[in-house]
Amino acid sequence: VAREVYRAGLRLLPMFLFAALALGFLVIGQTVSVLSRVGAANNLLGNIMVIVMVRELGPLLTALLVLARVGTANVVELGTARATGEVESLEALGIDPVHYFVVPRVIGMTVGIFSLAVYLILGTLASGYLWAFIQDVPIQPGDYFRQLAGALSYMDFALLALKTGGFGFIIAIITCYHGLAQPLQLDEVSRATVRAVAQSTIACILLDALFIVVYLTF
């Protein structure tokens, strides 16, 4: 479990810090460009960052990046283990492949995606103000963070935890399933990886849409 948390979390942290810096620039740059035309750039920056990053883009982007880096590796590793007979060897030794292969990956990916989403969101909120400062937006740090605090609610924190946990669970289950259940030969591993990535992406988007409905309902 510790190894899987490291793979799906700590090891990806440098990439996510770079992504946070880039996202802060992209979101704030486009926001300032549009809102400055109506003179509202310094009043809505915090609200827009919460809507874009905390509620939508942050969790979903984190899940897709982890899927690309770790989810694909899960399919390749487990598919190779299945095709080379390693899974059958474990079963012959009385070791449950689900407990040995799947459970640690589910826990690791769930914890990893939640943690990376928090880091990505915090980094983007901080870099967003940095880019706003560089673009001479007349907003003080205190005003910016008060806007963030005013736009956040308890629902945002609860849904963030549930959403990222759901993303991690779905990606881990789908990738492990395609790795363990599908490939019977090594040349089938690549096709199983493509199917797992496609299904995981669709499942994450559908889950995100479900959470949008829940948020609008409450």
Side-chain angles (χ1 to χ4, degrees), residues 1 4-5 8-10 12-13 15-17 19-32 34-35 40-67 70 106-133 137 139-174 200-218:
V1 172
E4 295 302 327
V5 171
L10 187 60
L12 303 181
L13 186 57
M15 179 181 71
F16 275 80
L17 293 178
L21 187 66
L23 283 172
F25 170 72
L26 293 174
V27 175
I28 290 297
Q30 293 294 329
T31 300
V32 171
V34 173
L35 294 182
N42 60 330
N43 296 324
L44 298 176
L45 283 183
N47 295 333
I48 291 176
M49 290 296 287
V50 169
I51 294 173
V52 173
M53 289 307 305
V54 178
R55 296 176 186 171
E56 295 303 326
L57 189 57
L60 184 59
L61 181 61
T62 300
L64 295 180
L65 289 176
V66 173
L67 170 63
V70 183
V106 171
I107 296 174
M109 194 165 289
T110 301
V111 174
I113 289 180
F114 171 74
S115 302
L116 289 173
V118 172
Y119 280 115
L120 179 66
I121 291 170
L122 292 177
T124 305
L125 296 180
S127 67
Y129 180 79
L130 172 64
W131 292 113
F133 176 79
V137 177
I139 182 173
Q140 297 298 317
D143 296 331
Y144 175 71
F145 289 105
R146 274 194 293 272
Q147 289 180 16
L148 293 177
L152 289 168
S153 67
Y154 75 94
M155 283 289 293
D156 292 313
F157 296 102
L159 292 180
L160 175 63
L162 293 174
K163 185 185 294 187
T164 52
F167 287 157
F169 181 82
I170 286 175
I171 292 173
I173 292 296
I174 292 177
S200 298
T201 301
I202 294 173
C204 288
I205 293 174
L206 292 177
L207 181 62
D208 187 65
L210 176 62
F211 275 98
I212 292 175
V213 174
V214 172
Y215 186 87
L216 294 178
T217 302
F218 291 95

Contacts of Phe169 that satisfy side-chain contact (heavy atoms from CB on, under 4.5 Å) - sequence neighbours left out: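 Phe169 satisfies side-chain contact (heavy atoms from CB on, under 4.5 Å) with Val106, Thr110, Ile173 only.
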Check side-chain contact (heavy atoms from CB on, under 4.5 Å) between Val111 and all other residues, then give those that pass, not counting sequence neighbours.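 Listed in chain order: Val5, Ile107, Ser115.
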Answer whether the closest heavy-atom distance between the side chains of Arg55 and Val50 falls below 4.5 Å.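 Counting from C-beta outward, Arg55 and Val50 do come under 4.5 Å.
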Using modelled atom types and a 3.5 Å cut-off, is there a donor and acceptor pairing between side-chain atoms of Trp131 and backbone atoms of Leu21?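 Indeed, once roles are kept as given, a pair shorter than 3.5 Å links the two residues.
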Of the non-hydrogen atoms in [X] and [Y], which two are nearest, and what is the gap between them?
{"X": "Ile212", "Y": "Glu56", "result": "CG1-OE2, 3.3 Å"}
{"X": "Ala172", "Y": "Met109", "result": "N-SD, 3.7 Å"}
{"X": "Thr164", "Y": "Ala117", "result": "CG2-CB, 3.6 Å"}
{"X": "Met49", "Y": "Tyr144", "result": "CG-OH, 3.7 Å"}

Just wondering, are more than 12 heavy atoms of other shown residues or ligands nearer than 6.0 Å to CZ in Phe25?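 At most 12 heavy atoms, drawn from other residues, nucleotides or ligands, come within 6.0 Å of this atom.
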Pairs under 3.5 angstrom only: tabulate donor-acceptor contacts from the side chains of residues 58-67 to other protein residues two or more places apart or in another chain.
from  : atom 1 : to    : atom 2 : distance (Å)
Thr62 : OG1    : Gly58 : O      : 2.7

Can you tell me which residue pairs pass the salt bridge (charged side-chain N to carboxylate O under 4.0 Å, His left out) test with a partner in residues 117-130, sequence neighbours excluded?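 The answer is none; no pair qualifies.
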What side-chain donor-acceptor pairs closer than 3.5 Å can you find for residues 200-208, not counting sequence neighbours?
from   : atom 1 : to     : atom 2 : distance (Å)
Ser200 : OG     : Ala196 : O      : 2.7
Thr201 : OG1    : Val197 : O      : 2.8
Asp208 : OD1    : Lys163 : NZ     : 3.0

Applying the side-chain contact (heavy atoms from CB on, under 4.5 Å) test to Asp156, which of Leu159, Leu160, Leu152 qualifies?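 Running side-chain contact (heavy atoms from CB on, under 4.5 Å) over Leu159, Leu160, Leu152 with Asp156 returns exactly one hit, Leu152.
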Gap separating the CG atom of Leu17 from the CG atom of Leu12, nearest 0.5 angstrom: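 Spacing of CG (Leu17) from CG (Leu12) equals 11.0 Å.
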Find the distance between CE (Met15) and CG (Leu116) and round it off to the nearest 0.5 Å.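 These two atoms lie 7.5 Å from each other.
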Can I get a per-line list of side-chain donor-acceptor pairs under 3.5 Å for residues 118-125, giving both atom names and the distance, sequence neighbours left out?
from   : atom 1 : to     : atom 2 : distance (Å)
Thr124 : OG1    : Leu120 : O      : 2.7

